[in-house]
Amino acid sequence: APAPSPFPTPSPTPAPGTPPPPAPVGTGLTVAAGTHPSNSLAPQSAARVPFTVVNFTASSDGDVKVNSLTVERTGLGSDSNFADLVAIDENGDQIGNAKTLNSAHQVKTSGFTVKAGTTKKVTVAGNMGSAANSGEVVSLSLVAVDTSAKVNGSLPITGSSHTVNTTLAIATVSVAKGTYDPGASDTSLEVGTDKTFSGVQLTIGSNEKVKLESLRFNQAGSAGRSDLKDIKVNIAGTDYVTTISDDDKYYIVRPATPVEFDKGALVQVYIKGTVIDGSARTVDFNLDEKTDVVVKGSNFNYYVTVSGGSAGAAGEGSLSSDTQPFYNAYAHTISTGTVNAEAASSVAAQNVAENISNEVIGGFAVEVKGEEISVGKMIYHVQTGTAAGNTADLTSVSLYNENGKIVAGPVDGSGTGPNGTVTFTDTVIFPIGKATYILKGKYGTDFANNETVQASTTPSSDWTTVKGVTTGK
């Protein structure tokens, strides 16, 4: 009697649902001063020195997108006191990139979105220069908000006035390539691989202990968030889970409790994860800016602008003191699709009958990584016993997938000796993942009782015109 199919009858695929409508756009944005920090010192080379706090409240009828903020340096001081300016959200994360002052003493920050009916707090802060002018008093004013919504509120909003200081010896941290950095590009990174993508070493200076509050890596490669999983940052031997910025560019780690390091400590930091898709795409985890490493002195409580590298653009595995990216990590390329086949343990040896359609000939577990694979021709070798039956006596042979659907065939076997072949010239698309395929056909009446039939195939030599569907390679 014919062997029963090892696969259940598939359930019908439900019709796709209607996609949700886009979120409504808010019509109003209220801008108001928050609680500014007290006037204090702005030491040279300090980072994220807070000046002005602004609350942005979106109307309840929809989200409001703010394209940029225009911030102007004001007060009795010069632009040279600042290396650049940043906007920081309520979580302590930098919004976009740091921006340098133009000839009008202004910058336009990166944009952000305020969710409907909520308030977002943004702090305008300065990264102080290394050649500041001691004694000058500076401030930062919000002078314009670029948004399509109606802006309610009075501008400018000016926060604290800080006095520039060049004598306070705040903490220092230098950065170099780390011990756990891979040290070279991986040009054939297989899907399923666990990989350390890049790493740096932090050297804490002798002025004061520091606390590492957060750190963000810029994924500058072409791989998307769905190509990677379990991305973690290891800091001094402890793994921390990352969050991904709304623009998918930054992987951010923020320990629940800032990690404190003593003076003179050497700290290894590296980012790692698993590649799950993305054939021919690249993974490139850089430190884009010095201020992507957020560290604060434990004594004076000023954030630190880390140092490292030399002037000019950095090559892979090197740091630049004045050009982005700050640490140019090695880029890794996810390999093009691969396909392998082996005997399927789920398809057991079994008794078959003559002259009945769809009897099992063999089962194969096919594993595809990286991308869907297109195969133009497949040869399956069939070894028969010493009796009269041979491969030519196998007719109407087809290859079935797990859902019981024919993906190749039917064709007849070829060969009158104990070793013959079944050849499919149908183009078959194998999806990503591991699946079982069954070779079935009709055994002719020349096969003898208890004659053994065994099928095999080797994709590297028996399958031709094999290409990745995405890359064509």
Side-chain angles (χ1 to χ4, degrees), residues 16-17 19-20 22-23 63 65-66 87-97 110-115 120 180-182 185-200 214-235 238-256 269-289 291-294 316 324-338 368-372 431-433 468-471:
D63 298 348
K65 181 177 181 180
V66 176
I88 300 169
D89 69 14
E90 62 273 14
N91 297 317
D93 293 331
Q94 181 176 308
I95 300 172
N97 292 327
S110 299
F112 54 89
T113 297
V114 185
K115 295 294 184 181
K120 186 177 186 69
Y180 295 100
D181 188 271
S185 296
D186 189 335
T187 58
S188 186
L189 185 58
E190 287 193 6
V191 169
T193 301
D194 295 331
K195 178 72 174 178
T196 295
F197 298 107
S198 66
V200 294
S214 69
L215 189 145
R216 67 177 190 172
F217 282 90
N218 174 225
Q219 209 297 88
S222 57
R225 72 160 70 191
S226 62
D227 297 327
L228 308 170
K229 74 171 185 178
D230 297 333
I231 301 297
K232 296 183 174 75
V233 172
N234 185 286
I235 302 172
T238 300
D239 286 344
Y240 296 90
V241 176
T242 60
T243 58
I244 307 175
S245 62
D246 291 340
D247 58 10
D248 288 353
K249 292 182 180 179
Y250 293 96
Y251 286 71
I252 305 164
V253 60
R254 189 186 303 105
V269 176
Y270 58 93
I271 185 166
K272 61 182 181 177
T274 304
V275 178
I276 59 173
D277 202 353
S279 179
R281 292 195 276 268
T282 56
V283 183
D284 189 9
F285 279 105
N286 299 325
L287 288 178
D288 197 43
E289 301 177 306
T291 49
D292 289 342
V293 182
V294 181
E316 285 191 317
Q324 293 175 233
F326 171 50
Y327 177 62
N328 186 9
Y330 292 99
H332 310 290
T333 302
I334 302 170
S335 62
T336 53
T338 60
V368 174
K369 295 181 179 181
E371 60 182 316
E372 292 183 325
I432 295 172
V469 171
T470 301
T471 62

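Here, residue 1 is the first one in the sequence, and each next residue gets the next number. Computed over heavy atoms, backbone and side chain alike; hydrogens, waters and symmetry mates excluded.
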Would L189 and F197 satisfy side chain to side chain contact (heavy atoms under 4.5 Å, CB included), going step by step from the backbone distance to the final call? CA-CA 11 Å; L189 185 58; F197 298 107; 4.2 Å; yes

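- Minimum heavy-atom separation, A220 to N286: CB-ND2, 3.6 Å.
- In this structure, the side chains of D181 and Y327 come closer than 4.5 Å at one or more pairs of heavy atoms.
- Atoms CD1 and CG, on I334 and D277 in that order, are 7.5 Å from each other to the nearest 0.5 Å.
- Counting heavy atoms from C-beta on, the side chains of D93 and R254 come closer than 4.5 Å.
- Side-chain contact check for V275 versus L228: some heavy-atom pair is nearer than 4.5 Å.
- Side-chain atoms of T187 and T333 include no donor-acceptor pair closer than 3.5 Å.
- Looking at heavy atoms from C-beta onward, Q219 lies in side-chain contact with D284 at the 4.5 angstrom threshold.
- No side-chain heavy atom of D194 sits less than 4.5 Å from a side-chain heavy atom of K272.
- When every heavy atom of Y180 is checked against every heavy atom of T196, the shortest pair comes out as O-CG2, 3.3 Å.
- The structure places CD1 of I252 at 9.0 Å from CG of N91, a figure rounded to the nearest 0.5 Å.
- The two residues L287 and D292 come nearest to each other via the heavy atoms C-OD2, 4.0 Å.
- One N or O on the side chain of T242 and one on the backbone of I231 form a donor-acceptor pair closer than 3.5 Å.
- Taking each heavy atom of S279 and E371 in turn, the nearest pair found is OG-OE2, 2.8 Å.
- Under the side chain to side chain donor-acceptor pair (under 3.5 Å) criterion, S245 pairs with D247, sequence neighbours left out.
- Taking CD1 of I88 as the start and CD of Q94 as the end, the distance is 7.0 Å to the nearest 0.5 Å.
- Separating the OH atom in Y250 from the CD1 atom in I244 is a distance of 14.0 Å, to the nearest 0.5 Å.
- Atom CD of Q324 and atom CG of N218 lie 9.0 Å apart (nearest 0.5 Å).
- Remark: side-chain polar atoms of H332 are paired, donor with acceptor, to backbone N or O of D186 under 3.5 angstrom.
- Ring geometry for F217 versus F285: interplanar angle over 60°, hence perpendicular rather than tilted (30 to 60°).
- The shortest distance between side-chain heavy atoms of K195 and P182 falls below 4.5 Å.
- Taking every heavy atom of both residues into account, S110 and I95 meet most closely at CB-O, 3.7 Å.
- In this structure the side chain of Y251 reaches within 4.5 angstrom of the side chain of I271, judged on heavy atoms.
- When all heavy atoms of E372 and I432 are compared, the closest pair comes out as N-CG1, 3.7 Å.
- Applying the 6.0 Å contact sphere to CG of D246 captures no more than 12 heavy atoms from other residues, nucleotides or ligands.
- Between the T113 side chain and the K65 main chain, no donor and acceptor come within less than 3.5 Å of each other.
- Electrostatic pairing of R216 and E289 counts as a salt bridge here, judged by a charged N lying under 4.0 Å from a carboxylate O.
- Under the rule for a side chain to side chain donor-acceptor pair (under 3.5 Å), E90 has no partner lying at least two apart in sequence or in another chain.
- Separation of atoms OG1 (T338) and CD (E190) is listed at 5.5 Å; rounding is to 0.5 Å.
- Judged by distance alone, the side chains of S185 and E316 do bring a donor and an acceptor atom under 3.5 Å apart.
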